[in-house]
Structure formats: structure tokens, C-alpha cells
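These numbers come from a predicted model, not from an experiment. Numbers for residues simply follow the sequence, beginning at 1. Computed from heavy atoms alone, side chains included, the values below leave out hydrogens, waters and symmetry copies.
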Amino acid sequence: MSIEVSALTKRFGQFVALNNVSIRFPENGLIALLGPSGCGKTTLLRVIAGLERPDSGLVKVKGCEISGLDIRQRQIGFVFQHYALFKHMSVFDNVAFGLRVKARGQRLSTSAIKRKVDELLNLVQLDWLAGRYPAQLSGGQRQRVALARALAIDPQVLLLDEPFGALDAQVRKELRRWLRELHQSLNTTSLFVTHDQEEALEVADRVVVMNQGTVEQYGSPEEVYNQPASEFVYRFVGSSNRLYKTAGGYTFSYDGDIATSERWYCRPHDVDVFTSPTSDAAFARVSRTLSLGCVVRIEALTLNKQSIEVEIANQDPLISRITPGDHIWLRPRQTCRFSQPLSNDNAL
């Protein structure tokens, strides 16, 4: 079920949460809305759901305009960040709630509701917990109950607001994989809000990067990371190091004489590291080294105290020769250039 928003604007007093946003989400896609706090991603989700009314603009689902419809008429499933489960109801009753409150003419029979809830609990692998209450569940289990409840009404669209934000790292990782697999078995369009770049790139088919109420870029995870549409996207999606171009190449240190109308960057994994002076390489002093599984991150300071991050494979023999306080020399392998002005409001 495709979703289309056209010229959406939403203000809260003087604050512009959405600024003339237009975008179309493909049918059956799993799309991440990614951006920093206050960028408008949750507001966009809530406008689509009908929880907020836009000041102007339209929302369409499968070509039908729904902006004026009540939330109960939109057939949209919404999963809140903090689950919003009914504490006094069992898992079964929480999932059945949306089915039981339908108008009498649309309501399923008691036996049909039971069959549907049993199917959904089996789908989210919680059928064995049907009689328990939310307080007796783990965070991951509560999130799956909330998802089953959203799916119970056979939604045209499934919306998830930071669905893994309240969970610990290991549970988040497991649920990401589970949500991806679950989505492939559902015939629905799903949008989820996140500020976690890794989460968006790992789970989604498409990523919408938002900033200050506007869409900076919309594309596949690969496009957003490897072909950023703006300096903001490059700096927000993944780590980056600032560079300064000189006649002989690039340097990590700014001495006041280098033109800065163009801004150059490189990723931490695109830096060569040397333990002795090397042509076109910039001097830095190692602050610390961090083991991050398959890579080791080296944090270093240049002569003018600019912080640099470098990532190299943990099996690289160079690792054994680098300790905090050592002098190293750095040279970027791949760079990215931006020339459009970056406002202070957009600076990260």
C-alpha cells in the first residue's frame, strides 16, 4: 500500500516541525525515517497516522486522500516507542483490543477474534505468553506484543516510532533481524522512525534523512551512505573527519592560511596510517585506541588539537605498534567535497 505526502507543513507555535515536505513511499517497502532529535521525523509519522493535523498539505494512501479522516478510519497500525500496553490486560487481551472495540457491524465473532489473536501471537512468537500481563514481560516481549496489537486490525500501513529505542543493545540487534524477517512475510508498507544510523542502514529498504523539518535525501541505504546528497547527510550518516586542501594534497590541520570555501571530508576507514614521517601525511598524536570487534579505532589529535578518528582492521600488524602518546602520520585515501554553504543550524 503506497503512501504519498504532498506539501506537508506543521507548526507548533513558532517552531516549524515540517516544512513543505513531499515524498512518496513505495508499496510494501520498509522505510526508515532517520535524523537528529527535532528534525520532524516523528511529526511526519504522527501526521500520516492522524495523531496530528497538518497546517497544510495532503496525505494519500494508495491514491486516496485521507487527510480529513479520523484516526479510526485510516486503518493504520501504530507502534509507540514505549509500547503503550494496557497494564491491566493480559497479552491476549491487549492484542484483541482493537478487534473488540470495532463497530458492531464490523466486529468479528468471539471465536474469530480468538483465532486471529492466536495467529498473531504465534507470528510474533509469543503464543506461550498469552495469559501474562505486561509487567511480567521483558522489554523485547512487550515490543512484540505492541506490534501484534498494531497488526490485529489488518492495517493498510504500519508505523513504528523508534520501536527499539527503549531496549538494550543486544535485544535491539535481535529485534532488528526479526522485524526484517517479519516484514518480508507481511503485505504491508512499513515506516519506522529512528535516530540510529546503523539501525536504518541495516533494516530498511529505503532511508529518508530529515533535518529541520525537510527531507535532505531519500534513497537506498547504499546511496545515502556512499552518495550523500548534502554535507549534512555525509556528516550525520557515519563518522567523518574534516580535511583542508593544500597545493600538495590534503591536511588534517588548519593553519589559518588554507582557503575554506570548499569543505573536504574522509571516512575513518579511508585513512592510511604510518608510524614514521611520510610524504603528504599529516602529523598527529594518538589519544587512545579502542577495540570495536573486527576493527580498532584510533583517536588522535593534530598539532592544532583537531580530533581525528581512524579505523583499521584488528588483525593489522600496525596495531601492535601504536599506543596512546605515540606519533603517527595520516593520509586520506578517499575524500568527499562540498561547496554549498552549511548553516550553523545544520552543523553537527
Side-chain angles (χ1 to χ4, degrees), residues 1-3 25-33 45-46 48-51 61-62 66 69-86 89-103 106-134 137-167 171-172 174-194 203-205:
M1 194 72 65
S2 63
I3 311 167
F25 303 106
E27 186 170 357
N28 298 334
L30 179 56
I31 300 104
L33 303 180
L45 206 72
R46 290 175 65 86
I48 294 171
L51 295 170
V61 174
K62 204 172 183 179
I66 64 169
L69 296 181
D70 182 85
I71 183 173
R72 290 169 294 184
Q73 299 173 296
R74 297 191 182 201
Q75 203 177 343
I76 288 177
F78 200 103
V79 179
F80 295 90
Q81 179 179 357
H82 296 290
Y83 326 126
L85 299 177
F86 300 113
M89 292 185 182
S90 68
V91 167
F92 183 96
D93 291 334
N94 264 284
V95 177
F97 179 79
L99 298 172
R100 289 171 173 167
V101 298
K102 284 189 174 184
Q106 300 174 330
R107 195 182 309 159
L108 298 175
S109 66
T110 301
S111 59
I113 290 176
K114 184 180 187 308
R115 283 196 301 272
K116 189 171 185 64
V117 173
D118 287 343
E119 289 173 2
L120 286 168
L121 289 178
N122 184 63
L123 180 68
V124 299
Q125 303 168 7
L126 291 177
D127 50 305
W128 58 289
L129 295 176
R132 292 196 185 180
Y133 289 84
L137 305 177
S138 68
Q141 290 168 342
R142 293 178 196 174
Q143 191 61 278
R144 283 189 277 169
V145 172
L147 181 56
R149 183 178 62 182
L151 293 173
I153 62 170
D154 294 322
Q156 298 184 87
V157 175
L158 181 62
L159 307 178
L160 305 97
D161 186 9
E162 303 223 28
F164 313 126
L167 305 174
V171 175
R172 282 204 309 271
E174 292 172 358
L175 283 185
R176 286 177 195 167
R177 187 182 305 112
W178 175 80
L179 177 62
R180 179 76 226 174
E181 294 171 352
L182 177 65
H183 175 79
Q184 292 173 349
S185 68
L186 300 173
N187 187 30
T188 186
T189 303
S190 304
L191 276 63
F192 72 96
V193 162
T194 183
V203 177
D205 301 320

>> To the closest 0.5 Å, what do you measure between OG (S109) and NZ (K116)?
In response: 12.0 Å
>> Just verifying a value: how many Å separate F92 CZ and D127 CG, rounded to the nearest 0.5 Å?
In response: 12.0 Å
>> What's the separation between atom CD1 in I113 and atom CZ in R107, rounded to the nearest 0.5 Å?
In response: 7.5 Å
> Do you know which two heavy atoms are closest between A130 and L121, and how far apart they sit?
Replying inline: CB-CD1, 3.8 Å
> So which of R100, R149, K114, R132 actually passes salt bridge (charged side-chain N to carboxylate O under 4.0 Å, His left out) with D93?
Replying inline: R100
> Do L158 and F192 come close enough that some side-chain heavy atom pair is under 4.5 Å?
Replying inline: no
> For the residue pair T188 and H183, what are the closest heavy atoms and their distance?
Replying inline: O-CE1, 3.3 Å
>> Show the nearest heavy-atom pair for residues A49 and I71, with the distance to one decimal.
In response: O-CG1, 3.3 Å
> Between V79 and A150, what is the shortest heavy-atom contact and its length?
Replying inline: CG2-CB, 3.7 Å
>> Please report the interatomic distance CD(Q75) to CD1(I66), rounded to the nearest 0.5 Å.
In response: 10.5 Å
>> With rounding to the nearest 0.5 angstrom, report the CD1 to CG distance, I48 to L33.
In response: 7.0 Å
> Once you round to the nearest 0.5 Å, how far does OG1 of T189 lie from CZ of F25?
Replying inline: 10.0 Å
>> Could you check whether any side-chain N or O of R74 sits under 3.5 Å from a backbone N or O of Q156, counting only pairs where one atom can act as donor and the other as acceptor?
In response: no
> Do the side chains of V145 and L129 get nearer than 4.5 Å, heavy atoms only?
Replying inline: no
> Within the distance-only criterion (no hydrogens, no angle test), does the side chain of R176 pair as donor or acceptor with the backbone N or O of V203 below 3.5 angstrom?
Replying inline: no
>> I need the minimum non-hydrogen distance between I31 and P26, along with the two atoms involved.
In response: CD1-CD, 4.1 Å
> Could you walk me through whether Y133 and L85 pass the side-chain contact (heavy atoms from CB on, under 4.5 Å) check?
Replying inline: CA-CA 9 Å; Y133 289 84; L85 299 177; over 6 Å; no
> Who are the side chain to side chain contact (heavy atoms under 4.5 Å, CB included) partners of E119, not counting sequence neighbours?
Replying inline: none
> Are any side-chain N or O atoms of D161 and backbone N or O atoms of F80, one a donor and one an acceptor, separated by less than 3.5 Å?
Replying inline: no
>> When you compare the side chain of L126 with that of V95, does any pair of heavy atoms fall below 4.5 Å?
In response: no
>> Counting C-beta onward and ignoring hydrogens, is there a side-chain heavy-atom pair between L45 and L160 closer than 4.5 Å?
In response: no
> Judged by atom type as modelled, is there a donor-acceptor pair below 3.5 Å linking the side chain of N94 to the main-chain atoms of F86?
Replying inline: yes
> Between I153 and I76, which heavy-atom pair has the shortest distance, and what is it?
Replying inline: CD1-O, 3.8 Å
